[in-house]
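Side chains are part of it too, since the values below use all heavy atoms of this structure and drop only hydrogens, waters and symmetry mates. So that the names make sense, note that chain A is the first sequence line, chain B the second, and so on, each numbered from 1.
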Amino acid sequence: MSAVQTTSAPDDTRRRGPLAEVVFSLLRSRTFLVGIAIVLFWVVCAFFGEHFAPYDPLADDIINALSPPSAEHWFGTDQIGRDVFSRVIVGSRDILTVAPLATLLATVAGTALGLLTGYFRGIVDDIVSRILEAFMAIPVVIVALLAIVALGTSKTTVIIVIGLSFAPIIARTVRSAVLAERELDYVAAAQLRHESAFHTMFVEILPNVIPPILVETTVRLGYAIFAVATLSFMGFGIQPPSPDWGLSISSNYGMIGGGFWWTVLFDALAIASLVIGVNLAADGVHGAFND
Amino acid sequence: MVFLGGQVLPGNVGRAILGPFADQRAVDALNHSLGVDRPLLVQYWSWISNFVQGDMGTSYIFRSPVAPFVIDALGNSLKLAAVAFVLVVPIGILGGVVAALNLNRPLDRIISLGGLSVTVLPEFVTGIILILIFGVWLRWLPISAAWPKDAGFFTQLYYLILPALPLFLVLFGYIARMARSGMIEALDSDYTRTAVLKGLPWRTVIWRHVLRNALMPTITVIATQTGYLIGGLVVIETLFRYQGIGSLIFTAARGKDFPMLESGILTIGIVYAVATLIADFLYSVLNPRIRLGAEQ
């Protein structure tokens with residue numbers, strides 16, 4: 001099989017489009033496959049978790065509260081007797097809704113800003129870039145604290161806060177890609193045809209800067225999960241009674257001094273696996289585009 | 001080079017000021033609902049001029065001046081950050097250097113992958129796992145950072161190890177990665193080859209030629225991580241119930257104690273600016289080209 005591939009490889013490369021080429025190299029990357037497998041596992045849990053979770057993640061059972069892992073409750077029960085295993089499975093739902101939406105917002109806003117600053121340069125670039133740099137200097141947690149004081153806690157606030165905090169980073173990546181693209185002949189041709197600036201930016205340049213945007217987006221998704229989990233843990237993100245992992249840790253970690261480790265350990269491991277999965281996948285995407 | 005330094009520094013001050021600025025909008029929103037609405041700039045000016053004179057205002061919750069709280073909290077946070085930094089900077093650099101010298105061998109793989117995995121994990125996740133291992137199962141370290149009153153230096157240090165570890169882990173990955181790539185680049189350079197061909201001992205080449213050049217980008221990264229470290233402090237101090245500037249901001253935000261919140265954030269802005277300044281200074285010590293530029 002490999003011998004066949006090596007001999008026909010040059011032909012294949014010419015016949016496949018650039019997209020197919022990237023997909024092909026992704027499927028060969030072990031890092032990507034491991035990462036995407038972990039992520040898909042949690043996505044399946046998010047969608048169908050309640051169908052195969054053994055208990056209702058929200059049903060309390062005070063008599064069996066804080067019972068350690070056993071045959072009935074694989075991961076034990078929490079302080080009001082909810083089954084930790086079921087909660088961990090269903091707990092992926094909110095974080096896997098909020099983090100991708102925040103990343104999407106960051107990508108759209110960041111791409112638009114990056115195109116504007118990279119294409120116009122000059123004073124537009126100077127002003128917008130300084131503002132973006134200032135934003136990047138403030139830690140996300142602090143921005144979130146302030147926004148939540150001003151706007152109140154909700155999933156929408158979290159999406160907006162994380163989306164807008166990450167937008168400058170994506171804008172910076174897009175800007176540097178656009179700076180290189182705008183010197184190329186096809187941009188000059190578009191300008192000579194008197195295409196509008198909008199057309200040149202979004203129809204001519206944008207398709208050519210998609211690869212760096214995709215790479216940056218996958219990396220940002222990892223950070224978005226990091227940020228959502230942290231905010232939920234701080235009590236500023238996803239709200240009870242959601243079985244969200246960060247939230248569960250936050251409501252149970254006060255008791256770990258008493259030895260009730262099962263109430264937090266599995267949630268912590270779930271977050272860890274998801275974050276590492278996304279980062280492995282992102283690493284694979286990065287490699288596929290930079291080969 | 002001097003001109004460049006002059007360009008960069010005002011930028012830092014701007015960043016420092018932006019903290020309270022963003023905050024002022026939040027304040028404004030509340031002022032609207034309370035009906036005490038002064039023009040943004042007027043408020044901002046009176047507050048900032050008081051701050052410069054050392055008057056941070058009065059806490060809404062404690063009904064007493066903010067300044068002592070902020071100063072205490074800052075001291076505590078600096079202790080925690082210092083423990084994390086003292087551990088992570090040498091170990092991180094060492095890790096990166098060792099990885100680069102063993103490029104693509106198993107040791108390099110372990111350091112790079114391990115560093116990457118712990119860097120991407122949220123602090124509270126590593127924190128929880130470390131608490132479980134060292135605090136609950138092994139019972140080696142206390143699970144709360146609140147040391148007994150009048151604790152000596154070493155007792156305090158003992159209580160700070162566990163909170164400092166998650167910060168250490170997150171920063172370790174960044175620093176090791178930068179040190180590693182800096183080393184690889186320096187090892188691959190012409191001046192390293194010249195030094196080797198001159199017949200200098202390998203040890204001298206590494207110490208005198210490679211390290212100096214390799215560590216410059218690392219220093220910049222360490223400085224930029226201060227901003228990140230502050231975000232991490234908010235989480236860690238909450239997790240370990242530690243009375244630092246992070247938990248001060250957190251409590252103030254929850255209690256809508258604006259004078260406390262603003263002072264906390266402006267203090268962080270100042271710390272950030274100072275850290276950047278120190279990094280610029282260190283950078284010029286390490287890089288003689290900048291010093292030469294200044295003399296000309």
Side-chain angles (χ1 to χ4, degrees), chain A residues 31 130-131 133-151 219 222-223 225-236 245-246 249-250 252-254 256-265 267-280 282-283, chain B residues 11-12 14-19 21-30 116-129 131-133 135-137 142-144 224 227-235 238-239 241 246 249-250 252-254 256 258 261 264-265 268-269 272-273 276:
Chain A
T31 329
R130 285 305 89 71
I131 296 175
E133 270 167 26
F135 257 106
M136 279 194 277
I138 316 171
V140 179
V141 179
I142 305 280
V143 179
L145 281 180
L146 298 173
I148 280 148
V149 169
L151 303 171
V219 173
Y223 284 100
I225 290 173
F226 184 121
V228 175
T230 303
L231 288 180
S232 303
F233 169 72
M234 304 289 291
F236 291 131
W245 301 326
I249 293 181
S250 129
N252 287 310
Y253 83 93
I256 55 178
F260 305 111
W261 52 271
W262 59 89
T263 55
V264 291
L265 177 68
D267 290 291
L269 292 179
I271 297 176
S273 68
L274 179 61
V275 173
I276 290 181
V278 170
N279 276 282
L280 288 178
D283 207 45
Chain B
N12 295 338
R15 281 174 201 176
I17 290 173
L18 201 112
F21 227 132
D23 179 45
Q24 203 69 20
R25 280 208 303 268
V27 177
D28 219 23
L30 192 83
L116 188 68
S117 342
V118 291
T119 297
V120 297
L121 293 180
E123 303 86 352
F124 76 95
V125 172
T126 43
I128 283 285
I129 293 174
I131 290 181
L132 285 176
I133 296 175
V136 178
W137 291 332
I143 58 170
S144 145
T224 52
Y228 164 78
L229 185 68
I230 292 161
L233 279 177
V234 180
V235 179
T238 314
L239 180 63
R241 309 223 163 77
I249 291 174
F250 177 71
R254 290 213 125 170
K256 300 201 189 293
F258 290 111
L261 187 61
I265 288 175
I268 281 181
Y272 183 75
T276 320

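With respect to chain A, the highest number of heavy-atom pairs below 4.5 Å among B/Ile249, B/Val235, B/Ile129 belongs to B/Val235.
Within the model, atoms CG of B/Leu239 and CZ of A/Phe233 stand 4.5 Å from one another, a figure rounded to the nearest 0.5 Å. For the atom pair CG of A/Leu265 and CD1 of B/Ile128, the computed distance is 9.5 Å after rounding to the nearest 0.5 Å.
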task: Go through B/Phe124 and A/Thr230 one step at a time and tell me if the side chain to side chain contact (heavy atoms under 4.5 Å, CB included) criterion holds.
output: CA-CA 7 Å; B/Phe124 76 95; A/Thr230 303; 3.9 Å; yes
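Summarising the geometry of A/Met234 relative to B/Val234, their closest heavy-atom pair is CE-CG1, 3.4 Å, with the distance given to 0.1 Å.
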Let me check something: any side-chain donor-acceptor pairs from residues 268-276 of chain A under 3.5 Å, sequence neighbours excluded? List them with distances.
| from | atom 1 | to | atom 2 | distance (Å) |
| --- | --- | --- | --- | --- |
| A/Ser273 | OG | A/Trp42 | NE1 | 3.0 |
| A/Ser273 | OG | A/Leu269 | O | 3.4 |
| A/Ser273 | OG | A/Ala270 | O | 2.8 |

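For B/Thr126, the side-chain contact (heavy atoms from CB on, under 4.5 Å) criterion is met by B/Leu121, B/Pro166, B/Leu169, not counting sequence neighbours.
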